[in-house]
Structures are given as C-alpha cells and as structure tokens.
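Reading through the structure tokens given below for one structure.
What you see is a predicted model; the values in this text were computed from it and never measured. Quick note on labels: first sequence line is chain A, next is B, and so on, each numbered from 1.
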2 protein chains.
Amino acid sequence: MVMHSSPFAAKLGSYIDLSEPELLVLESLHARRKCYPAGRDLVLQGQPEQPAYILAEGWVCSYRLLAGGGRQIVDFQIPGDFLGLRSVLSRTAGQSVEPLTKVQASLINPQDLMDVFARNPRLGAAVLWAASRDDAMVVEHLVGIGRRNALERTAHLLLELGARLTLVGLGTKAGYDCPLSQYVLADALGLSAVHVNRVLRELREEGLCTFRNGRVDINDFDGLVQLADFDHDYLDHDGPLYQGVQAPRFAA
Amino acid sequence: MVMHSSPFAAKLGSYIDLSEPELLVLESLHARRKCYPAGRDLVLQGQPEQPAYILAEGWVCSYRLLAGGGRQIVDFQIPGDFLGLRSVLSRTAGQSVEPLTKVQASLINPQDLMDVFARNPRLGAAVLWAASRDDAMVVEHLVGIGRRNALERTAHLLLELGARLTLVGLGTKAGYDCPLSQYVLADALGLSAVHVNRVLRELREEGLCTFRNGRVDINDFDGLVQLADFDHDYLDHDGPLYQGVQAPRFAA
DNA sequence: CCGGAAAACTGACAGAGATCAGTGAATCGG
DNA sequence: CCGATTCACTGATCTCTGTCAGTTTTCCGG
C-alpha cells in the first residue's frame with residue numbers, strides 16, 4: 001500500500017490501485033475543508049437539499065429519531081467515509097448526521113462529484129462500492145440487533161469499528177482510540193446505557209477486550225470474532241466491479 | 001395513473017409519468033419471465049455472479065443466516081420489486097433470496113439493464129430511486145427492531161406491506177392478501193414465532209387489525225399508524241431526482 | 001487548580017419476550 | 001378423501017434487558 005494523503009484516499013486505495021492523477025483528483029475534492037464542532041448536526045433528517053461531505057477527521061454518527069423520543073444510530077462514520085451521500089441521490093435526507101467529536105470535513109458539491117465520476121470512472125466505481133459497503137453494514141447491524149444478544153452484538157460492533165479504522169490506518173488488530181460514550185453505544189446497539197456498561201464489564205472480565213478512557217484494547221481477537229460470529233467479508237470482499245469500467249468487456 | 005401492464009411499471013409509474021416508449025422498454029425487460037417454486041433460493045448469500053430478477057408475481061424475502069442457525073429477514077419483496085440488484089453491483093451477494101410462494105420473475109441481464117439506463121436516463125433514475133427506497137426500508141427495519149416494542153414493530157411492518165402493495169394495485173387501506181406465516185414474520189421482526197402469535201392476537205383484540213387465513217384486514221388504520229409511529233414519507237417522498245437527468249441544470 | 005457537569009458504574013427490581021411443551025386447525029399430495 | 005405435515009395457538013416458566021435511583025470517576029472550562 002502506498003502512503004496516502006487522506007483517509008479517503010487510503011480507503012479507496014485499499015481496493016483499487018490509485019494512479020498519481022487519481023490521487024490528485026481525490027485531493028481536489030477536499031478543497032472546501034472545514035472544522036465543525038461536536039453535537040451540531042451536519043445533516044437534518046427530513047430536510048431537503050442537504051449537503052454531503054467527506055469526513056477527514058473525527059467521528060460522526062447517522063441516526064433516526066422516533067416520536068417516543070428515542071433514537072437509533074444507524075451507523076458511525078470515521079475518517080475517509082462519506083456523509084450524506086444518500087441525500088444527494090434522494091433529495092430528502094432520511095437520517096440526521098451528528099458529529100460525536102470535533103470533526104474536519106470537506107463539503108462536496110454534487111455536480112463536482114458527478115463530474116469527477118464522469119471523467120474518472122474507476123473512482124466512481126470505487127465510491128459506488130464504498131456506498132454499497134455502507135449498505136452492507138446497515139444490514140449487518142439489522143442482523144445483529146435482530147438476532148444477536150447484547151454481548152455478541154457489542155463484540156461485533158467493536159470488531160467492525162476496529163476493522164474499518166485499520167483500513168484507514170487508525171487502528172490495529174490490537175486496538176484503537178474510540179471516542180464513543182456508553183450512551184452513544186447504547187443508541188447504536190438498541191440497548192440501554194446501563195446494560196452497555198454491564199456488557200463492557202463482562203467483555204473485560206472474560207479477557208476479550210477492554211474499552212476504557214476512549215481506548216478499545218482487543219485482548220483476544222479470535223475469541224471476540226468467535227463470540228460475535230464476525231464475518232470480515234461484508235467489509236472487504238471483492239471491492240468494486242472493474243468490468244465495463246476499467247476496460248471494455250471484450251478485452252477481458 | 002394509467003393502466004399498467006406489470007407491477008414493475010405500476011411502481012415506477014407512480015413516481016414518474018411513463019411514456020409509451022418507456023413502457024415498451026420496461027416490458028422488454030420481462031422477456032425472460034419464468035416460474036420458480038417456493039422455498040428454493042434464487043440468490044445465495046456469499047456466492048459470486050448471482051443473478052438479478054424483477055419479480056412479477058408472488059412474495060419473496062431476502063435474509064441473512066447466522067452461525068447459530070437463526071436467520072434475520074432483511075426485507076420482503078413483492079411484485080414490481082427488484083431481486084438481487086445489489087449483487088449486480090458488488091459481485092458477491094450479501095443476502096440470500098428465497099421465494100415464499102410460487103413466484104414469477106424475469107431474469108435480468110446486467111448488461112441489458114445498463115443499456116436500458118444509458119438510453120433511458122429517466123428510467124435509470126427511477127430504478128435508482130427505487131433502490132434507495134429499499135435502503136430506506138432496511139433502515140426503517142433497523143430502527144423498528146432497535147427501538148420499537150413487539151406490538152409497534154409488528155403494526156409497522158403490516159402497514160409498510162400494505163402501503164407497498166397498494167402502490168402496485170395489490171392492496172388497499174382496508175387490507176391485503178398476505179402469504180406470510182407467523183414463523184416468517186418472526187424472522188423478519190426479530191421475535192419468536194410464539195410471541196408473534198400473541199402480538200397478532202393483541203392487535204386483533206384491540207380492534208386494530210386482523211391477520212387470518214392469509215389475509216390482513218386493517219380495522220383501524222389511523223389507530224395502527226399512531227401505534228406504530230408510521231411515517232409514510234420514507235416510502236414515497238420525492239421520487240427520483242430529475243435535475244441533470246431529465247434536463248440540464250440550467251434549464252430549470 | 002478547582003468546581004461543575006458529564007460519563008462511568010452499581011445494585012435492586014420489574015417486565016418484555018424467549019423457551020418449553022404441548023393441543024387444535026388448516027392444508028396438501030397422493 | 002385421508003393421513004401427514006405444516007401452521008396457529010396457548011399456558012407456564014425463565015431470562016435477558018430495561019428502569020430506577022443512586023455513587024463514584026473522569027473530564028473540562030474558567
């Protein structure tokens with residue numbers, strides 16, 4: 001793997017080899033990079049004409065609010081991830097997007113994005129793949145909440161975050177920095193904060209992993225994987241389709 | 001709304017006005033229509049090169065299997081819906097697709113599909129919108145399983161199915177035919193079949209809706225909507241984006 | 001460095017839903 | 001049309017997770 005200037009390039013670069021010009025194009029998307037404080041939503045559920053961003057630094061979550069006052073976090077975004085890509089396509093945002101830490105993000109002009117894709121089909125394919133990986137993660141969360149118990153589900157989330165962070169150079173098999181509070185974790189896992197606390201304690205006592213002071217230490221990777229029934233495939237299987245994009249079909 | 005020859009055309013036609021030629025193109029996609037028995041998977045999770053279909057008749061579910069033997073149904077597909085569209089993009093199928101009844105479906109050649117989109121951008125946009133609606137439904141299921149109790153969740157699913165069936169002319173506000181068993185419902189709702197039974201009884205006793213002998217009768221639509229916190233928006237908001245597809249931006 | 005606020009943590013108790021172990025009702029292929 | 005299989009349905013019990021009501025620890029701005 002090449003040294004990458006941005007997590008976004010690192011992420012795409014881990015699936016297709018990026019040429020010098022392509023790296024420059026990706027860099028150009030970061031032109032309007034700005035800093036945003038934690039807690040103030042970047043995208044608002046139900047609002048039209050919401051912006052899209054590429055996240056350069058910090059953590060973000062996308063969530064849905066319910067009438068009863070509860071919220072369900074659908075996914076977390078980490079550096080290199082798109083924010084609100086869906087709302088570019090479907091006009092109205094289905095979810096809100098909130099920074100969980102101070103973040104740096106680049107505002108994306110939809111038209112610029114389309115132009116980039118038109119001129120660099122491989123990048124378009126890579127982003128499309130990334131979007132479809134995001135969908136796969138949502139499905140995985142659905143499966144987890146529907147069919148895994150609290151312990152398995154929590155282990156699964158911690159592993160998933162670890163895998164994603166490792167991809168952009170922000171984590172290893174041994175652990176990663178994680179700014180999520182137990183309340184936030186609870187909103188993502190469909191649990192109460194109290195129970196998240198109990199579950200984290202159990203993971204610690206079982207010698208599987210330790211989540212403390214903003215740091216996740218994975219003590220027994222294989223044990224965790226087994227407990228969570230964690231299947232790495234949904235995160236990094238084939239990568240984007242090249243046929244018809246990189247080269248015409250008959251050339252294969 | 002015009003009289004439509006297929007549920008697929010009915011679905012797309014409810015969001016963009018379809019011209020005569022466009023209707024013919026949609027019809028041509030149904031060329032390889034075939035019948036498939038209940039229970040034999042059409043798409044297999046984890047397998048590469050899986051086919052895609054447009055469902056013409058019958059009910060289908062897409063699901064994920066877990067190591068423990070449980071399964072989580074991610075979504076149901078009804079006539080007019082795409083099957084395995086995602087696997088066309090990402091090479092490997094993330095979910096299996098199983099017919100719940102005898103079905104009729106049209107096998108789709110990915111290349112044909114791309115050609116159709118290239119020549120009929122409005123149809124491409126409409127299908128893209130439909131795909132994004134599918135994603136919104138998955139998110140809605142996630143929110144439901146994470147934050148709604150069994151009664152609300154079940155009510156929500158029954159309402160969602162009703163709305164979708166109504167769109168393609170297979171249901172009304174008053175009810176619809178529904179071939180789902182309580183076991184299947186349980187796999188979709190993240191509940192046990194026993195509890196689904198109890199929940200359905202309660203919905204019946206509360207005078208909200210009656211699910212019996214393959215028929216859902218909605219007795220108190222507004223009551224159900226309120227109980228489920230059902231927000232129709234995620235199913236039928238704006239429809240696809242026209243800008244940049246139907247006409248260049250400056251023409252607006 | 002200090003005080004206040006947020007986050008982490010804990011025990012006691014309650015409740016939603018799972019599991020177990022069945023009995024009736026419907027459906028269907030032969 | 002009949003036996004078998006699937007599906008619908010029920011009560012009793014158990015357990016996982018939520019709720020309540022705190023205390024302690026950590027963090028952060030002034």
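Side-chain atoms of A:Arg153 and A:His156 form no donor-acceptor pair, as typed in the model, at a separation below 3.5 Å.
Note on the helix from C:dC1-D:dG30 to C:dG30-D:dC1: angle between the axes of the first and last five pairs equals 60°, rounded to 10 degrees.
Between the side chain of A:Asp187 and the main chain of A:Val184, no donor-acceptor pair closer than 3.5 Å is present.
Electrostatic pairing of A:Arg133 and A:Glu140 does not count as a salt bridge here, judged by no charged N lying under 4.0 Å from a carboxylate O. At a threshold of 4.0 Å, the pair A:Asp217-A:Arg212 does not count as salt-bridged, since none of the basic side-chain nitrogens sits closer than that to a carboxylate oxygen. Using a 4.0 Å cut-off between charged side-chain N and carboxylate O, A:Glu152 and A:Arg147 make no salt bridge. A salt bridge does not link B:Glu205 to B:Arg198: none of the charged nitrogens lies less than 4.0 Å from a carboxylate oxygen.
Both A:Phe211 and A:Arg198 sit near DNA chain C, but only A:Phe211 has its closest nucleotide nearer the 5' end.
One can place CG of B:Asn213 at 11 Å from C1' of D:dC7, the figure rounded to the nearest angstrom. Between the CG atom of A:Asn197 and the C1' atom of D:dT24 there is a distance of 12 Å, given to the nearest Å. B:Arg201 has its CZ atom 9 Å from the P atom of D:dC9, to the nearest Å. Rounded to a whole Å, the CD atom of B:Glu205 is 12 Å from the C1' atom of D:dT10.
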- salt bridge (Lys or Arg N to Asp or Glu O under 4.0 Å) between B:Lys102 and B:Glu57: does it pass, once the steps are laid out? CA-CA 8 Å; B:Lys102 201 194 295 181; B:Glu57 208 181 302; over 6 Å; no
* Could you walk me through whether A:Arg164 and A:Asp75 pass the salt bridge (Lys or Arg N to Asp or Glu O under 4.0 Å) check? -> CA-CA 12 Å; A:Arg164 292 170 63 185; A:Asp75 202 359; 3.2 Å; yes
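Using bins of under 30°, 30° to 60° and over 60° for the plane-to-plane angle, the ring pair B:Tyr53/B:Tyr36 lands in the perpendicular bin.
Interface residues of residues 143-161 of chain A facing DNA chain D, ordered by number: A:Asn149, A:Ala150; criterion, heavy-atom separation under 4.0 Å. Residues from residues 182-192 of chain A lying near DNA chain D, meaning a heavy-atom separation below 4.0 Å, are A:Gly190, A:Leu191, A:Ser192 in numerical order.
On the nucleic acid side, DNA chain C contacts chain B at distances under 4.0 Å to non-hydrogen atoms, with the end points of that region at C:dG17 to C:dC20.
Checked against salt bridge (Lys or Arg N to Asp or Glu O under 4.0 Å), B:Glu98 has the following partners two or more places apart in sequence or in another chain: B:Arg71. A:Phe211 pairs by the ring pair (Phe, Tyr, Trp, His ring centres under 6.0 Å) definition with nothing, not counting sequence neighbours.
Closest of all the heavy-atom pairs between B:Leu159 and B:Ala228 is CD1-CB, 4.1 Å.
Atom-to-atom distance recorded for B:Cys178:SG and B:Arg215:CZ is 10.0 Å, nearest 0.5 angstrom.
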